[in-house]
Number of protein chains: 2
Amino acid sequence: MAQKNRLKYILLGLLNTKNQTGYDLTKSFDSDIGEFWNANHSQIYPLLKRMEAAQLISHRLITVGQKLQKKEYAITAKGREQFMDWLATPAEMDGAHDEFLLKLFFVDDPHSELLPPMIRTQLGYHEAKLAHLKKQFAQKFPNQNQILTSYGHALVLRHAIERETGYRDWLQTIMRDLARFEDE
Amino acid sequence: MAQKNRLKYILLGLLNTKNQTGYDLTKSFDSDIGEFWNANHSQIYPLLKRMEAAQLISHRLITVGQKLQKKEYAITAKGREQFMDWLATPAEMDGAHDEFLLKLFFVDDPHSELLPPMIRTQLGYHEAKLAHLKKQFAQKFPNQNQILTSYGHALVLRHAIERETGYRDWLQTIMRDLARFEDE
DNA sequence: AGATGCATGTAATAGGTTACATGATTCC
DNA sequence: GGAATCATGTAACCTATTACATGCATCT
């Protein structure tokens, strides 16, 4: 999936939270961020090197025990700048992965100015997609007969519709929450 | 995404429905199957050649107008066999793509024997995942304070929970429908 | 005659998985 | 002393995207 360097931003985002080793970063994909993104250490270690060469991160050596040398990476000012730029850029709705969820994950503060436009843009996108899917279903499956001769296709389309409905509802709930935060 | 040759099975599945050209197959990813899978012609054309070399498909030339030669591909007995084997194999729950949805898409007949075990297996998987996610949320966000200091993370986790809930409900609805079909 | 769509291909590049490879530390 | 985990790296391979490249057919 020749996406757009998303792993780079994930690593920057994680390093923005706290300094970590490549091993620590790898473990993040087993727990929290692993719910919706994956990466192996064989992808992470070389990328960290390239990111350091680009001066987005730096490392210091930590000696553990007698011999073992850990590399603890830290984000640089340049890296933080690039990360913030990425966070403020509207999520692209292309590939299999949902870049919006990825960005949202890194917005810690419910009062962040980034949130309202992010949510609104996503809501527009998913409402349009939902409308499109419903139209598709109506066109392809006007009656029960079509459903029974392309059963799997109908089920999959219905699933897509329900998924988009859930996505929309979730976004609307966030919008309401945000409005409530503003009153406080 | 070094997945497991899923595009091959999609092409076999589409060719199993009707004979088509590479161009036709490419267009499928703009409409029906495009709701949940993507492929470009630059990936499809070479793959069709490899599949033909492996004798899973064959082609005949159709002349359109004066000069233009179309290649209309057809699935072979060997190709159909491989496709059916894949369809009957439990979906793998690894990558970013949902292989189950892909297989389900190709099951036309609501009375297919494949359906009950497929649905049951998926239901088990998604119930386990839902339980896991709920546990994660309870652990990471025991109170409102944690939510307000990792707001995005909490939202994303909640989204995952709602998505899995919707998935489970959808599967349960299918189970009920299947039981109804058996009575008829 | 020109625009749009049909039709097929290759090349370069990027992203991602699996396997190979090594060694130290910590816990039991 | 042995097992599990920590820790880092490379190599081979596969998958996917973007760009390059070409030419015909149909419709207006």
Side-chain angles (χ1 to χ4, degrees), chain A residues 1-11 19-31 33-34 36-54 57 59-73 92-99 102, chain B residues 1-11 19-31 33-34 36-54 57 59-73 92-99 102:
Chain A
M1 193 148 298
Q3 236 109 222
K4 281 162 186 165
N5 237 341
R6 273 156 193 163
L7 184 55
K8 180 176 104 177
Y9 295 108
I10 295 175
L11 298 179
N19 296 351
Q20 292 175 75
T21 66
Y23 189 84
D24 294 332
L25 290 165
T26 301
K27 271 195 306 177
S28 294
F29 292 90
D30 297 333
S31 54
I33 208 163
F36 63 102
W37 210 279
N38 252 317
N40 302 313
H41 79 275
S42 55
Q43 202 184 352
I44 290 171
Y45 285 117
L47 181 52
L48 285 170
K49 283 198 169 177
R50 291 208 306 280
M51 287 166 69
E52 186 162 34
I57 57 176
H59 81 269
R60 67 188 189 94
L61 289 171
I62 298 178
T63 305
V64 182
Q66 303 298 308
K67 288 183 165 183
L68 203 157
Q69 301 257 74
K70 292 207 281 187
K71 285 186 180 176
E72 192 191 63
Y73 286 96
E92 288 179 43
M93 304 304 301
D94 45 6
H97 289 295
D98 188 334
E99 196 186 26
L102 201 52
Chain B
M1 194 148 297
Q3 237 108 221
K4 282 160 187 166
N5 237 342
R6 274 157 192 162
L7 184 55
K8 179 176 102 177
Y9 296 107
I10 296 175
L11 297 180
N19 297 351
Q20 293 175 73
T21 66
Y23 190 83
D24 294 331
L25 290 164
T26 301
K27 272 195 306 177
S28 295
F29 292 90
D30 297 333
S31 53
I33 207 161
F36 63 101
W37 211 280
N38 252 316
N40 302 313
H41 79 275
S42 56
Q43 202 185 353
I44 291 170
Y45 285 118
L47 181 53
L48 286 171
K49 282 198 171 178
R50 292 209 305 281
M51 286 166 69
E52 186 162 34
I57 56 176
H59 81 269
R60 67 186 188 97
L61 289 171
I62 298 179
T63 305
V64 181
Q66 302 299 308
K67 289 182 166 185
L68 205 156
Q69 301 257 76
K70 292 207 282 188
K71 285 187 181 176
E72 193 192 61
Y73 286 97
E92 288 178 44
M93 304 303 301
D94 44 7
H97 291 293
D98 187 334
E99 196 187 24
L102 201 52

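Residue numbers begin at 1 in each chain, while the letters A, B, ... track the order of the sequences. This one's a predicted model, so the numbers in the text were calculated from it and none came from an experiment.
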Nearest atoms (heavy-atom pairs only) where B:Ile44 meets B:Gly22: CG2-O, 4.3 Å

Separation of atom CZ in A:Phe29 from atom P in D:dA7, rounded to whole Å: 17 Å

Closest nucleotide among C:dT18, D:dA19, C:dG16 to the A:Ser42 side chain: C:dT18

Atom pair distance, as rounded to whole Å: CD in A:Glu99 and C1' in C:dG15: 15 Å

Nearest-Å distance for atom pair CD/C1', residues B:Gln43 and C:dT8: 16 Å

base_contact_polar (D:dT8 base, A:Thr21 side chain, donor-acceptor, <3.5 Å): no

N/O (side chain, B:Tyr45) to phosphate O (OP1/OP2, C:dG9) under 4.0 Å: no

side-chain contact (heavy atoms from CB on, under 4.5 Å) between B:Thr26 and B:Asn40, worked out: CA-CA 6 Å; B:Thr26 301; B:Asn40 302 313; over 6 Å; no

Shortest non-hydrogen separation from B:Glu92 to B:Glu99 and the atoms involved: N-OE1, 2.8 Å

Whole-Å gap separating P (D:dT10) and CD1 (A:Ile44): 14 Å

All N/O donor-acceptor pairs, side-chain side in residues 64-71 of chain A, below 3.5 Å, sequence neighbours left out:
residue : atom : partner : partner atom : Å
A:Gln69 : OE1  : A:Thr63 : OG1          : 2.9

Set of ring pair (Phe, Tyr, Trp, His ring centres under 6.0 Å) partners for B:Phe29, sequence neighbours left out: none

Min side-chain heavy-atom separation A:Lys27-A:Tyr23 under 4.5 Å: yes

Strand-adjacent residues in residues 61-70 of chain A, judged by heavy atoms under 4.0 Å from DNA chain D: A:Leu68, A:Lys70

Phosphate OP1/OP2 of D:dG9: any A:Lys71 side-chain N/O under 4.0 Å: yes

Integer-rounded Å distance: C:dT8 C1' and B:His59 NE2: 12 Å

Between P of C:dG15 and CG of B:Asn38, the distance in whole Å: 17 Å

Closest to the A:His97 side chain, choosing from C:dG16, C:dG15, C:dA7: C:dG16

Nearest-Å distance for atom pair CG/P, residues A:Asn5 and C:dA14: 9 Å

Donor on one side chain, acceptor on other, B:His59 and B:Glu52, under 3.5 Å: yes

d(CG, A:Leu25; C1', D:dA7) in whole Å: 13 Å

A:His41, nearest nucleotide to its side chain (from D:dT10, C:dG16, C:dC6): D:dT10

Phosphate contact (C:dT17 OP1 or OP2) by A:Asn40 side-chain N/O below 4.0 Å: yes

Among D:dT5, C:dT17, D:dG9, the one nearest A:Tyr23 by side-chain distance: D:dT5

